[in-house]
Amino acid sequence: MVRNQRRDENDPTPKDQKSVALVGTPCHIIAAEKMDHYHDIIGDVPVDFKLGLFCMENFSHTYLKTFLSQNNIKMDDVKEFRVEKGQFWAYLKNGEVFKVPLSKAKACMRKNCQVCMDYTSELADLSVGSVGSTPGWSTVIARTEKGLKALQQAENEGYIETKPIKESGILLLEKLANKKKEENKEEIRKRESVARPVLYRRYINDEEFTEEVASCQFDDLKSDVIDVGSCVLCGACYYVCPENIITIEDRKPQLKGNCPRNVTSVM
């Protein structure tokens, strides 16, 4: 189910929040879904609802800060970033607007974005983005019964207004989603032709997955994910570590202590 949703900036925040909702990019949603899928191994996961964002690419905080400084802009002076119509926009707190072609800002892209196979957060309960809708509206994809009920309840209680999305909007979404997969598959092939296999989203049965990760340690996470720039700061490793010796510092996971086990639970 795909619909348009008109944004309401005055929506109240519930005072008694009893469950956790995660709002994140596709890579964050994938991590949350994987933890939920293997809850019998790692225990109950607090994320009860997943709200995924459309995402073609994300930008490294460090690289972006450097890029802005080269244009005499401080990160703290930026109110909002937007990527629209092939342009990278930075809206400054003083009212000024900095705009450059997206091709120039691509140098700030996180390396893992080039091997990501998900544009519309396919594993979320609800996927949301501006692509496919007119200004002032958001495109919403209800992917689960839980997501559909939440969308319908929000509309019934007057928090949002919805209308069917146009066929042209759906076609645009499909085009961009397929474009990302095709281009990133080619990037994966290039990387694997000169180096070791690339970690990316692919379908694998539970038995194969369990066997694959059975002997994984933090060193594997570090060499296969962190050191190659593929960490997305989803926090999954921090959450599932049975020894509580993983911390998130300096924008990356780090090991603080010695692991007495031969098995870790997730990569």
Side-chain angles (χ1 to χ4, degrees), residues 20 22 24-47 50 52 55 57-66 107-118 121-123 180-181 184-267:
V20 177
L22 170 67
T25 54
C27 44
H28 298 127
I29 300 300
I30 290 171
E33 177 63 20
K34 182 176 289 186
M35 288 193 294
D36 186 49
H37 183 79
Y38 293 101
H39 69 274
D40 57 330
I41 298 176
I42 66 174
D44 291 335
V45 178
V47 178
K50 298 181 286 292
C55 180
E57 67 268 312
N58 208 332
F59 298 95
S60 161
H61 181 272
T62 301
Y63 293 161
L64 186 56
K65 184 177 180 180
T66 301
C108 303
M109 183 194 301
R110 297 178 66 93
K111 294 179 181 179
N112 56 287
C113 294
Q114 294 178 295
V115 297
C116 174
M117 304 301 289
D118 190 356
S121 292
E122 298 170 6
L123 299 180
K180 180 174 183 177
K181 289 181 178 180
N184 287 4
K185 280 182 181 179
E186 181 60 30
E187 175 64 23
I188 290 169
R189 284 193 288 268
K190 288 180 180 178
R191 293 189 186 187
E192 292 189 331
S193 68
V194 297
R196 59 188 172 189
V198 174
L199 292 178
Y200 65 98
R201 183 187 169 194
R202 62 193 189 280
Y203 293 99
I204 182 172
N205 64 49
D206 288 348
E207 183 177 349
E208 289 178 309
F209 178 79
T210 302
E211 181 179 352
E212 184 174 315
V213 303
S215 61
C216 290
Q217 294 286 310
F218 184 83
D219 286 345
D220 299 289
L221 176 72
K222 186 175 185 299
S223 61
D224 295 339
V225 179
I226 302 170
D227 290 348
V228 297
S230 291
C231 175
V232 298
L233 292 174
C234 67
C237 58
Y238 168 81
Y239 178 77
V240 305
C241 178
E243 299 299 327
N244 295 318
I245 55 176
I246 293 180
T247 63
I248 306 295
E249 297 181 11
D250 193 26
R251 302 188 63 80
K252 62 183 178 181
Q254 299 190 31
L255 192 64
K256 297 295 183 179
N258 297 317
C259 180
R261 298 168 178 250
N262 293 321
V263 179
T264 51
S265 55
V266 71
M267 285 182 60

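What's counted below: heavy atoms across the whole structure, side chains too, no hydrogens, waters or symmetry copies. What you see is a predicted model, and the numbers here were worked out from it, not measured in a lab.
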Rounded to the nearest 0.5 Å, the CD atom of E186 sits from the NZ atom of K190 at a distance of 5.5 Å

Could you check whether any side-chain heavy atom of K222 comes within less than 4.5 Å of a side-chain heavy atom of Q217, counting everything from C-beta outward? no

Atom pair OH (Y238) and CD (Q254), whose distance is rounded to the nearest 0.5 Å: 13.5 Å

Hits for salt bridge (charged side-chain N to carboxylate O under 4.0 Å, His left out) against R191, two or more places apart or cross-chain, chain-then-number order -> E187

Supply the atom-to-atom distance K256 NZ to N244 CG, rounded to the nearest 0.5 angstrom. 15.0 Å

N184 side chain vs M117 backbone, donor-acceptor pair below 3.5 Å: no

Within the 4.5 Å heavy-atom criterion, are T25 and H28 side-chain neighbours or not? yes

Can you tell me how far CZ of F218 sits from SG of C237, rounded to the nearest 0.5 angstrom? 6.5 Å

Side-chain touch I29/L22, heavy atoms, less than 4.5 angstrom: yes

With rounding to the nearest 0.5 angstrom, report the SG to CG distance, C55 to D118. 9.0 Å

Could you tell me which non-hydrogen atom of Y63 sits nearest to which non-hydrogen atom of C108, and how far apart they are? O-SG, 3.6 Å

Nearest non-hydrogen partners of I245 and C241, listed with the distance: N-SG, 3.5 Å

Could you tell me the separation between the CG atom of N58 and the SG atom of C116, rounded to the nearest 0.5 Å? 10.0 Å

Between K180 and E122, is there a side-chain N and carboxylate O pair less than 4.0 Å apart? no

Keeping the roles fixed (side chain from E57, backbone from C113), state whether a donor-acceptor pair exists under 3.5 Å. no

Considering non-hydrogen atoms only, spot the tightest contact between R110 and F59 and give its length. CG-C, 3.7 Å

